[in-house]
Amino acid sequence: MGNALINSVVSWFLKKRIHDMELFMKHPQELQNNILQDLVYYARHTEVGKRYGFDSIKSYRDFADRVPVSEYAEIQSSIQRSRNGEGNIFWPSDIKWYAMSSGTTNARSKFIPVSQQSLEDCHYAAAKDLLCMFLNNNPDSKIFKGKGLRLGGSNVLDKKSGTVAGDLSSILIDNMPFWADYSSTPGNEVALMANWETKMPAIVKETIQENVTSLAGVPSWMMILLNNVLETTAKGNVLEVWPHMEVFFHGGVSFDPYVEQYQKLLPNDRIKYYETYNASEGFFAIQDTNDSKELLLMLDYGIFYEFIGMKTYGTPDEKIIPLDEVELGENYAIIITTNAGLWRYKIGDTVRFTSKNPYRIKVTGRTKHHINVFGEELIIENAEAALKKTISEIACSIKDYTVAPVFMDGKEKGAHEWMIEFDTQPDDVSAFAKALDQNLQRENSDYEAKRANNITLTELRIHNAKPDLFYNWLKQKNKLGGQHKIPRLSNSRDYMEELLQINKVMASKS
C-alpha cells in the first residue's frame, strides 16, 4: 500500500470520525444510555444476564439496583471457568484472549477477558482515533512515510484450553489488522519475544534499520529502549538515529517524571507527546489536542461509565453516580461495564474531570495507591506535581521512585519515606528533600496540616537508590517489560522494605 493511498484512506476516515466524535460530545448521556441497553440486551441470555434479569432491565436505575459492583476477587472464579472452556458465563461470544494484569508488582496476575468486540470496537478503534486526532491537529504530518515503533509484552499460550494470556499490548500486536502491522516495527516475531533482556537488543537491531516516525509504549520502558538504541549506535540523541521522528504516544504511567529525559533524548520542539489512558479492561481516553494535559473521555467504545466520589469511597455514605452527575474538580474512582463482559467493575483508577462539555479528565492515581496513614490523603497527582516543581527548582532528573509511610512507634512521629533513583543527581539531596517537602505541602493542604509544626508528620526522608535498583527489583519478580509498573504510593511498607534490602546489597557490591 503506497503512501499516497494510505493518506487518501486516512483523510476519508479522519473526516468521518471527527464527525462521529462531535456527535458523542453533543449527546454524551444519550449515547451512554444506548450503550448500556445494547450491552444488557446482548448479554441477556448469559449466566450473569439470567441471574440479574437483564431481559427486563429498562433503565439505568434498574441496572444499578440489580447488578452489584464487583472487584476482581469476586469474579475470578467465573473468569477461571471461562478460561477452562466454559462459554456464555458473562459474555455470549467466545473469549479467546485474556490480558494479564497485576496493576502492581504482586506475583498473582489478574486475567482480564478481551472479547472480539472489545478488541475491534474499543482497542483498535482507539488506535485509529489516536492517529486521527494527531493528524487532525498536525495536517502537515508525514508520519506514514515511516514506521511506528511499538513496545509491548509477550503472549503465553494456554495449551489446556487454547486461550491466550499475556500483556494487553502483546494481544493487540498479535491480532493487529494489516493496516497497522504494515506500518509498525519490530515485526511480530521480535515484538512478542518473552524474555525482556533478549528482546531488547533484538528490537534495537531491527528498528535502527527503519525510518521510525513515531513511538508507542510505556514511558519508563521506552526510555530504556531508547538509551539502548543510543548505546548501540553511538549517537548523541534519538533524532540522529531517526531524524523524521514526530510523536511519542505514551500511557500507563504519568509522563511528568520523564519529561526532562525525553527532551534530551528527542531534542527538538517539533516532537509531540500524546497521552493515552488505556488498561487491560479497556481504552478510556485520549489526548485530543497538541500540548494538552487533559484527555477526552471516549464514549462510544462499548463501555458504560459510573463513578464513586473518593471523599466517600469505601464508607457507608459511598454513592455511585452516572456520567451526567459528575462534578468538576472532584476525585472519582471509575466503575465500568464493558463489551467483554465486565459488569460494574472497579478498575482501581481515579480521575478528575476538567470539563463536562465535552467530558475531559486527568488521571489522578489508583484507589489503592495513595498514602492516608495520618489523614494526609496524598495521591499520585500530588506527588507528581510536587516532584515536577522540585526538579524545576533544583537541577536534577528522576528515573523512578516509590513512597511509603514511616509509622509512629510511640516515640517517633510519622513521616513519608521516599526511594528515588535519580537519572541526574542533585548537588544536595538534603536540599532536594526539603524543597520536595515544601512543594508537597503546597500541593496538598491535608499534608500541610499534618506537617504544621511537625504535629503528626516530620519532614520526608529520601533514600538515594543505586542505579537500576527498580529494574533489578522487577527482574527478581519476573516483571520486566510490557505494562509492568512501579507502585508509586503505598499505605504499607512491603515494597519499601524489599527495595531497602536490595539497595543495601547493591551498595555493598559497589
**Student:** Which residues satisfy the ring pair (Phe, Tyr, Trp, His ring centres under 6.0 Å) test with Y258, sequence neighbours excluded?
**Tutor:** none

**Student:** Using the test side chain to side chain donor-acceptor pair (under 3.5 Å), find all partners of R81 that sit at least two apart in sequence or belong to another chain.
**Tutor:** E47, E86

**Student:** Side chains of Q287 and M133, heavy atoms from C-beta outward: is any pair under 4.5 Å?
**Tutor:** no

**Student:** Any donor-acceptor pair under 3.5 Å linking the side-chain atoms of Q441 with those of D437?
**Tutor:** yes

**Student:** Would you please indicate if the ring centroids of F54 and W343 are separated by under 6.0 Å?
**Tutor:** yes

**Student:** Return the set of residues passing ring pair (Phe, Tyr, Trp, His ring centres under 6.0 Å) with F90 (not counting sequence neighbours), or none when no residue passes.
**Tutor:** none

**Student:** Could you check if a side-chain atom of I303 sits within less than 4.5 angstrom of a side-chain atom of C122, using non-hydrogen atoms only?
**Tutor:** yes

**Student:** Mind checking salt bridge (charged side-chain N to carboxylate O under 4.0 Å, His left out) for D349 and listing every partner two or more places apart, or none if nothing turns up?
**Tutor:** R366

**Student:** When you compare the side chain of E384 with that of Y401, does any pair of heavy atoms fall below 4.5 Å?
**Tutor:** yes

**Student:** Using the side chain to side chain donor-acceptor pair (under 3.5 Å) criterion, which residues pair with E294? Sequence neighbours excluded.
**Tutor:** T354

**Student:** Under 3.5 Å, side-chain donor or acceptor atoms of residues 307-321 against the rest of the protein: list the pairs with distances, not counting sequence neighbours.
**Tutor:**
unit_1 : atom_1 : unit_2 : atom_2 : d
T312   : OG1    : G309   : O      : 3.4
T315   : OG1    : T312   : O      : 2.7
T315   : OG1    : D317   : N      : 3.2
E318   : OE1    : G314   : N      : 2.6

**Student:** Above 12 or not: heavy atoms from other molecules or residues under 6.0 Å from NZ of K96?
**Tutor:**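 Counting other residues, nucleotides and ligands, NZ of K96 stays at 12 neighbours or fewer.
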
**Student:** Quick one: which residue pairs count as a ring-ring contact (aromatic ring centres under 6.0 Å, His included) with a foot in residues 273-294, not counting sequence neighbours?
**Tutor:** F134-Y274, F255-Y273, Y277-F284

**Student:** If you take the centroid of each ring, where Trp contributes its six-membered ring, are H416 and Y447 closer together than 6.0 Å?
**Tutor:**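 Centroid distance Y447-H416: below 6.0 Å, so yes.
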
**Student:** Would a 4.5 Å heavy-atom cut-off, applied to side chains only, mark T350 and I379 as touching?
**Tutor:** no

**Student:** Taking atom types as modelled, is there a side-chain donor on Q117 or Y42 under 3.5 Å from an acceptor on the other?
**Tutor:**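 Yes, because at least one side-chain N or O of Q117 sits under 3.5 Å from a partner of the opposite role on Y42.
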
**Student:** Report yes if some heavy atom in the side chain of M100 is under 4.5 Å from a heavy atom in the side chain of F111; otherwise report no.
**Tutor:**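 A side-chain contact under 4.5 Å exists here.
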
**Student:** Are H27 and L31 close enough, and set up right, to give a side chain to side chain contact (heavy atoms under 4.5 Å, CB included), and what steps lead you there?
**Tutor:** CA-CA 6 Å; H27 308 285; L31 176 61; 5.7 Å; no

**Student:** Could you check whether any side-chain heavy atom of I391 comes within less than 4.5 Å of a side-chain heavy atom of V259, counting everything from C-beta outward?
**Tutor:**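 No, side chains not in contact.
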
**Student:** For F24, give me all partners under ring pair (Phe, Tyr, Trp, His ring centres under 6.0 Å), at least two apart in sequence or on another chain.
**Tutor:**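 So F24 forms no ring pair (Phe, Tyr, Trp, His ring centres under 6.0 Å) with any residue.
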
**Student:** Identify, with sequence neighbours excluded, every residue that meets salt bridge (charged side-chain N to carboxylate O under 4.0 Å, His left out) alongside E381.
**Tutor:**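 For E381 the salt bridge (charged side-chain N to carboxylate O under 4.0 Å, His left out) partners, ignoring immediate neighbours, are R352.
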
**Student:** Quick one: side chain to side chain donor-acceptor pair (under 3.5 Å) partners of T402, sequence neighbours excluded?
**Tutor:**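 Testing T402 for side chain to side chain donor-acceptor pair (under 3.5 Å), a comparison that skips the adjacent residues, returns none.
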
**Student:** Identify, with sequence neighbours excluded, every residue that meets ring pair (Phe, Tyr, Trp, His ring centres under 6.0 Å) alongside F374.
**Tutor:** none

**Student:** Salt bridge or not for R451 and E376, using N-O below 4.0 Å?
**Tutor:** no

**Student:** Just grab all the salt bridge (charged side-chain N to carboxylate O under 4.0 Å, His left out) pairs involving residues 353-362, residues at least two apart or on different chains.
**Tutor:** D288-R360

